[in-house]
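Encoded as structure tokens, the structure appears first; notes follow it.
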2 protein chains.
Amino acid sequence: MSSLTALRSIALRDPLTIPNSVLYNHSQTSLVVFDAYPKSIFHFLILPRVHEPFTVTDLTDLRSLLRKDIDLAKELIHGLKIAADSLKHDIEEEMVKRYGFKWEIWMGFHGAPSMAHLHLHVLSADLCSEKMKHKKHYNSFHPKHGFFLHIETVLAWLDATPTYRASMININQATYGKILKEPLSCFHCSKQLKDMPTLKGHLQDEWESVMKRERTKLERKKHITTKHEQLVNASSTRHEEEESKSGQQ
Amino acid sequence: MSSLTALRSIALRDPLTIPNSVLYNHSQTSLVVFDAYPKSIFHFLILPRVHEPFTVTDLTDLRSLLRKDIDLAKELIHGLKIAADSLKHDIEEEMVKRYGFKWEIWMGFHGAPSMAHLHLHVLSADLCSEKMKHKKHYNSFHPKHGFFLHIETVLAWLDATPTYRASMININQATYGKILKEPLSCFHCSKQLKDMPTLKGHLQDEWESVMKRERTKLERKKHITTKHEQLVNASSTRHEEEESKSGQQ
DNA sequence: TATTCCGATAGTGAC
DNA sequence: GTCACTATCGGAATGAG
């Protein structure tokens with residue numbers, strides 16, 4: 001059972017009393033906080049605020065939420081997704097500011113969270129961070145292992161038949177536990193890595209090659225733009241020449 | 001298989017070229033060396049020197065020695081025991097010098113040594129040492145677990161029937177491996193200890209209570225001796241008095 | 001699957 | 001079962017009010 005209460009206590013606080021180092025922004029229905037131990041360059045959590053008809057225990061995790069009422073659950077998760085989409089926009093703006101390009105952003109829940117209070121992870125698809133220390137950290141965010149439940153997947157469950165939904169929501173701890181112990185494989189290229197230091201080195205290499213690729217794209221674009229500008233300029237110069245010629249006529 | 005060769009190379013060297021920090025003493029047939037990682041206050045190794053009819057590989061371990069010839073093996077091990085008994089005498093002298101009393105000394109072979117070249121461990125029965133770090137270290141010297149083969153036990157095997165001898169000598173690696181993973185239990189009082197730091201603390205306590213007990217014994221002895229001396233003195237004084245009296249007569 | 005601390009466990013490499 | 005180094009694995013405590 002989830003029992004650690006740091007997120008729950010954040011969710012219960014008056015947002016105005018939460019320091020900016022913790023809270024990114026908030027609405028009537030949700031809080032966006034900086035993950036205290038970011039596992040990617042960008043990593044936030046979106047927490048539902050506690051308000052009727054939900055009690056704080058209804059919001060412990062996906063299972064407790066689904067036990068409440070399916071339609072209310074759908075509405076709440078859709079609300080989180082709206083906040084996440086807005087956050088995604090902000091992150092992309094910051095990506096361009098800092099790096100000159102955007103890259104993928106993942107949104108999802110952990111299949112077996114440790115901390116009480118539903119939290120939607122929103123993080124950039126690089127998994128490059130000092131705080132990424134253990135195999136279980138990495139595997140919990142691997143986009144294809146099944147521990148990280150992409151929000152679209154969860155929304156699909158909510159719209160599926162009750163039987164299918166129940167079977168997916170009730171995947172047990174043991175099943176999730178096994179995923180966390182799977183061998184380390186790169187989420188970019190599926191290469192197997194022998195241990196965390198090796199994996200982290202490899203992820204850094206992959207990330208640097210993404211950057212190089214994007215920078216090359218930018219250069220090409222700039223080059224094309226320049227060519228285009230030259231053409232435009234040349235053409236307008238010709239026009240000017242023609243105009244001046246015609247003016248001389 | 002034993003394959004590390006530090007001891008083998010020592011056994012093959014001219015003893016006169018081995019530094020005093022390594023070699024304690026030697027004879028025609030054996031070397032006594034300080035264990036480089038002593039697991040007790042006193043800890044030595046006795047190595048057979050390589051001489052006919054043995055080759056260096058005959059002397060790899062008990063099993064290779066026994067494959068050679070049973071009577072030659074007995075002779076060789078008896079030779080090691082003679083060196084060990086002499087060493088024991090030296091250690092006891094040093095115990096008295098340093099601590100004022102003697103305590104038990106163990107002599108034996110490891111059932112599954114890692115290093116090539118037969119080596120008889122001779123060590124004081126305290127197992128108090130900084131170098132005692134791991135469970136396998138401790139269990140390899142526990143006097144009742146069966147990994148530490150007391151020399152008297154081995155000599156008894158040599159005098160037993162060939163079938164019994166073979167069964168004892170051929171106890172396999174897996175069996176010995178299990179012994180090294182047994183729970184930690186104090187060799188003094190059989191108490192189970194949860195981990196190495198706890199065990200080491202307990203062994204230190206046991207060792208300190210041994211010291212206290214022995215010191216108390218010494219005090220009592222000294223006291224008795226003093227009483228005795230007083231009696232002797234008193235008596236001799238009386239004699240002197242009597243003598244002087246008689247002299248005065 | 002919150003982190004952190006501690007210790008046990010496992011693999012390697014040494015020459 | 002040589003050591004030393006690195007990394008993984010495994011349990012326990014943790015905070016807040």
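A, B, ... follow the sequence lines: proteins, then strands. Residue 1 opens every chain.
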**Item:** Phosphate OP1/OP2 of C:dT4 contacted by A:Lys131 side-chain N/O (<4.0 Å)
**Value:**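 No, no such contact exists.
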**Item:** C:dT9 OP1/OP2 closer than 4.0 Å to side-chain N/O of B:Lys136
**Value:**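 For B:Lys136, the contact criterion (side-chain N or O under 4.0 Å from OP1 or OP2 of C:dT9) is not met.
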**Message:** Can you work out whether A:His137 or A:His134 has the more 5'-proximal nearest nucleotide on DNA chain C?
**Reply:**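 Checking each residue's closest nucleotide, the 5'-ward one belongs to A:His137.
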**Range-with-range stems of DNA chain C (Watson-Crick or G-U pairs under 3.5 Å, three or more in a row)** = C:2-14 with D:2-14
**Whether B:Phe148 and B:Phe141 hold their rings parallel, tilted or perpendicular, with breakpoints at 30° and 60°** =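 Geometry flag for B:Phe141 against B:Phe148: tilted rings.
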**Asked** Aromatic rings B:Phe187 and B:His142: how do their planes relate, parallel, tilted or perpendicular, breaks at 30° and 60°?
**Response** perpendicular
Nucleotide [N], atom [atom2] - distance to [atom1] of [X] in whole Å:
| X | N | atom1 | atom2 | value |
| --- | --- | --- | --- | --- |
| B:Lys135 | C:dG7 | NZ | C1' | 11 Å |
| A:Leu180 | C:dT3 | CG | P | 12 Å |
| B:Met115 | D:dA4 | CE | P | 12 Å |
| B:Asn139 | C:dT9 | CG | P | 10 Å |
| B:His119 | D:dC3 | NE2 | C1' | 13 Å |
| A:Leu7 | C:dT3 | CG | P | 11 Å |
| B:Met132 | C:dA8 | CE | P | 13 Å |
| B:Leu12 | C:dC15 | CG | C1' | 15 Å |

**Prompt:** Would you find more than 12 non-hydrogen atoms of other residues, nucleotides or ligands less than 6.0 Å from B:Asn20 atom CG?
**Reply:** no
**Prompt:** In terms of heavy-atom contacts, does CG of B:Asn172 have more than 12 from other residues, nucleotides or ligands at under 6.0 Å?
**Reply:** yes
**Request:** Only counting residues at least two apart or in another chain, list the ones meeting side chain to side chain donor-acceptor pair (under 3.5 Å) with A:Gln28.
**Result:**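 Once residues adjacent in sequence are excluded, A:Gln28 has no partner under the side chain to side chain donor-acceptor pair (under 3.5 Å) criterion.
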**Complete:** Residue set satisfying side chain to side chain donor-acceptor pair (under 3.5 Å) with B:Arg49, at least two apart, ordered chain then number -> none
**Prompt:** Just checking, any donor-acceptor pair under 3.5 angstrom between side chains of B:Thr17 and B:Asp14?
**Reply:** no
**Asked** Have B:Thr55 and B:Thr57 got a donor and an acceptor in their side chains that come within less than 3.5 Å?
**Response**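 Yes, B:Thr57 and B:Thr55 have a side-chain donor paired with an acceptor closer than 3.5 Å.
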**Message:** Counting C-beta onward and ignoring hydrogens, is there a side-chain heavy-atom pair between A:Lys200 and A:Cys128 closer than 4.5 Å?
**Reply:**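 Side-chain contact under 4.5 Å: no.
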**Pairwise C1' distance for C:dT4 and D:dG17, with rounding to whole Å** =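 C:dT4 and D:dG17 have their C1' atoms separated by 23 Å.
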**Message:** Listing request: all ring-ring contact (aromatic ring centres under 6.0 Å, His included) pairs with a residue in residues 7-26 of chain A, at least two apart in sequence or in separate chains.
**Reply:** A:Tyr24-A:Phe34, A:Tyr24-A:Phe44
**Request:** Assign B:Lys178 to base, sugar-phosphate, or nothing according to its heavy-atom contacts below 4.0 angstrom with the strands shown.
**Result:**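 Touches nothing.
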**Message:** If you only use heavy atoms from C-beta on, which nucleotide in C:dT4, C:dT9, D:dA4 is closest to the side chain of A:Tyr37?
**Reply:** C:dT4
**Base-contact (B) and sugar-phosphate-only (S) positions in nucleotides 10-15 of chain D, heavy-atom cut-off under 4.0 Å, - elsewhere** = S---B-
**Request:** Keeping the roles fixed (side chain from A:Ser124, backbone from A:Phe42), state whether a donor-acceptor pair exists under 3.5 Å.
**Result:**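 Pair found, side chain donor or acceptor close to backbone of A:Phe42.
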**Request:** Taking B:Thr5 for its side chain and B:Arg8 for its backbone only, find out whether a donor-acceptor pair lies under 3.5 Å.
**Result:** no
**Message:** Near DNA chain D, counting only heavy atoms under 4.0 Å, which residues of residues 183-197 of chain B show up?
**Reply:**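 Heavy-atom cutoff 4.0 Å gives no residues at all.
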